[in-house]
Amino acid sequence: MIYLDYAATSGAKPESVYTAADNALRNASGNPGRSGHKVSLAAGDVVAETRFLASRLFHAENPESIIFCSNATDALNLAIQGSVSDGDHIITSSMEHNSVARPLEHLKDRNIEITKIRASVETGVDPADVEAAIKDNTRLAVFTHISNVTGTMNDIAAIGKICREKGVTFLVDASQSAGAVKIDVQAMDIDMLAMPGHKCLYGPQGTGILYIKPGLDLRPLKQGGTGSRSEMLRQPDDRPEKYESGTLNVPGIAGLGAGIKFIMDTGIENIHARDNMLTTRLIDGLSTLDGVNIHAPRENDRGPVVSITIDGYEPQDVSIYLDQVFDIATRSGLHCAPDAHSTIGTLGSGGTVRISPGYFTTEEEIDACIEAVGIISRGEL
């Protein structure tokens, strides 16, 4: 199979990820922080090492700023719902995933006002529009870094600077960017950074991270056993335990740590350059095909995500043809992002076909995809 659905989850991972997860299951299967025996201590070492590696990758102030979650949705819910109160105002965009849009819609029941800034496919959110939307009661601004539908990249550093100057907490959804492009939370004025472990970080599913800036206090969404301060009936305030009740996914975190090591060893600039080369090759090839409409930035920096529609075809039919006839994995539909599809005009027509390569995709696989789309668009099946 030619796997071109990396925006959903990384289809291929470094061999070290598989090895690390297997080793953790066999040799570090204890409960971290709960016991003093060797297997429990080994599990604690796995968690501590991955926390340290993540703090280095994103230039966090300290490892305790890294909170392990079950996925990006878990991280985003903690960040959003744990940081606002009744009567607050939140700014977001028209290109967000439902992992942001649905928690925000839920918060409307608490008399929390939401402003959605319209973004463009080519340039994303205009930072000037963010500044203009800030009000006295604006508590939070939350924006995706890279759209999971079009690959559009927002100028996170510019938005972060405005939020810092205005005293607004800035949350970034890095679901499509963490591990694919360089992110420095301090230099980019990011207060919270949410991400999955299983996409561009090449970790297993069931893993995620939320970076929380030191001094920023969130209400935890769950309470329970932390392995520390067990004499207290109240949830401890110490990080990271305050936000990590229950047993952590040690094998998943071990694999995530191996994925982060791979990124550091390979060089994130090299990963981004390869992603960009593959995406450019894909867009250039698709652009030569009659009847194929491309929904992705053409000129500006972008992520490795390209949406297309083909005249005369339903998106789901195109994905079925690509899978069943050509053995190419893509994703059709609305991609859990109806606001983004409304922005690009595809909400009422079944969405798009999303083609998303990754670091392990080859040029030959991109060319095979272009050829297959061409056969479909010309009606040659």
To check you understand the geometry: which heavy-atom pair defines the closest contact between [X] and [Y], and what is its length?
X	Y	value
Ala194	Leu76	CB-CD2, 3.6 Å
Ile146	Gly151	CG2-O, 3.7 Å
Ser40	Asn31	OG-O, 2.6 Å
Ala296	Val305	CB-O, 4.2 Å
Gly87	Ile112	N-CG1, 4.1 Å
Gly358	Asp275	C-OD1, 3.8 Å

Atom [atom1] of residue position [X] - does it have more than 12 heavy atoms of other residues, nucleotides or ligands inside 6.0 Å?
X	atom1	answer
Lys13	NZ	yes
Arg239	CZ	yes
Glu371	CD	no
Asp290	CG	no
Arg56	CZ	no
Phe360	CZ	yes
Lys182	NZ	no

Checking [Y] against [X]: is there a side-chain donor and acceptor pair closer than 3.5 Å?
X	Y	answer
Ser349	Thr346	no
Thr150	His295	no
Ser307	Thr352	yes
Asp339	Ser94	no
Thr169	Arg139	yes

Can you check whether [Y]'s main-chain N or O pairs, donor with acceptor, with [X]'s side chain at less than 3.5 Å?
X	Y	result
Asn23	Thr19	no
Ser55	Phe52	yes
Tyr243	Leu218	yes
Ser10	Tyr6	no
Thr73	Ser99	no
Arg378	Val373	no
Asn249	Gly206	yes
Thr123	Ser120	no
Glu96	Ala340	no
Lys199	Gln176	no

Inter-residue atom distance [X].[atom1] - [Y].[atom2], 0.5 Å rounding:
X	Y	atom1	atom2	answer
Ile66	Glu244	CD1	CD	10.0 Å
Lys242	Arg219	NZ	CZ	10.0 Å
Ile209	Leu201	CD1	CG	6.0 Å
Leu256	Thr50	CG	OG1	6.0 Å
Glu49	Ile260	CD	CD1	10.0 Å
Ile344	Asn293	CD1	CG	10.5 Å

Residue pair [X] / [Y], side-chain heavy-atom distance below 4.5 Å:
X	Y	result
Thr115	Ile90	no
Ser70	Thr207	no
Pro304	Pro357	yes
Tyr313	Val353	no
Ile294	Ser287	yes
Phe143	Val172	no
Arg302	Asn276	yes
Ile212	Asp191	no

For [Y], is there an ion pair with [X] - N to carboxylate O distance below 4.0 angstrom?
X	Y	value
Glu113	Lys135	yes
Glu363	Arg274	yes
Glu122	Arg298	no

Going only through I, L, V, M, F, W and Y residues with side-chain contacts under 4.5 Å, is there a path from [X] to [Y]?
X	Y	result
Ile268	Ile190	yes
Phe58	Ile156	yes
Ile162	Met192	no
Met153	Val142	no
Val84	Leu221	yes

Indicate, with yes or no, if the rings of Tyr359 and Phe262 have centres closer together than 6.0 Å.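 Yes, they do, as the ring centres are separated by less than 6.0 Å.
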Just checking His341 against His335, ring centres under 6.0 Å apart?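 Yes, ring centres under 6.0 Å apart.
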Pairs touching residues 161-188 that satisfy ring pair (Phe, Tyr, Trp, His ring centres under 6.0 Å), sequence neighbours left out: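 Residue pairs with at least one partner in residues 161-188: there are none.
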CA sep, side-chain torsions, deciding dist, call: Arg110, Asp88, salt bridge (charged side-chain N to carboxylate O under 4.0 Å, His left out): CA-CA 9 Å; Arg110 288 172 43 188; Asp88 284 343; over 6 Å; no
Donor-acceptor pairs under 3.5 Å, side chain of residues 321-331 to any protein atom, not counting sequence neighbours: which ones?
unit_1	atom_1	unit_2	atom_2	d
Asp327	OD2	Met1	N	3.3
Thr330	OG1	Ser319	OG	2.8

Show, in sequence, the C-alpha distance, side-chain angles and deciding distance for Tyr211 and Glu61, and conclude whether the side-chain contact (heavy atoms from CB on, under 4.5 Å) test is met. CA-CA 10 Å; Tyr211 157 80; Glu61 293 84 350; 2.7 Å; yes
Report the C-alpha distance between Asp265 and Lys261 in whole Å, list the side-chain angles of each, state the deciding distance to 0.1 Å, and finish with yes or no for salt bridge (charged side-chain N to carboxylate O under 4.0 Å, His left out). CA-CA 6 Å; Asp265 291 343; Lys261 284 182 183 177; over 6 Å; no
Could you check Arg102 against Glu105 for salt bridge (charged side-chain N to carboxylate O under 4.0 Å, His left out), going step by step and ending with a plain yes or no? CA-CA 5 Å; Arg102 283 180 172 173; Glu105 193 69 20; over 6 Å; no
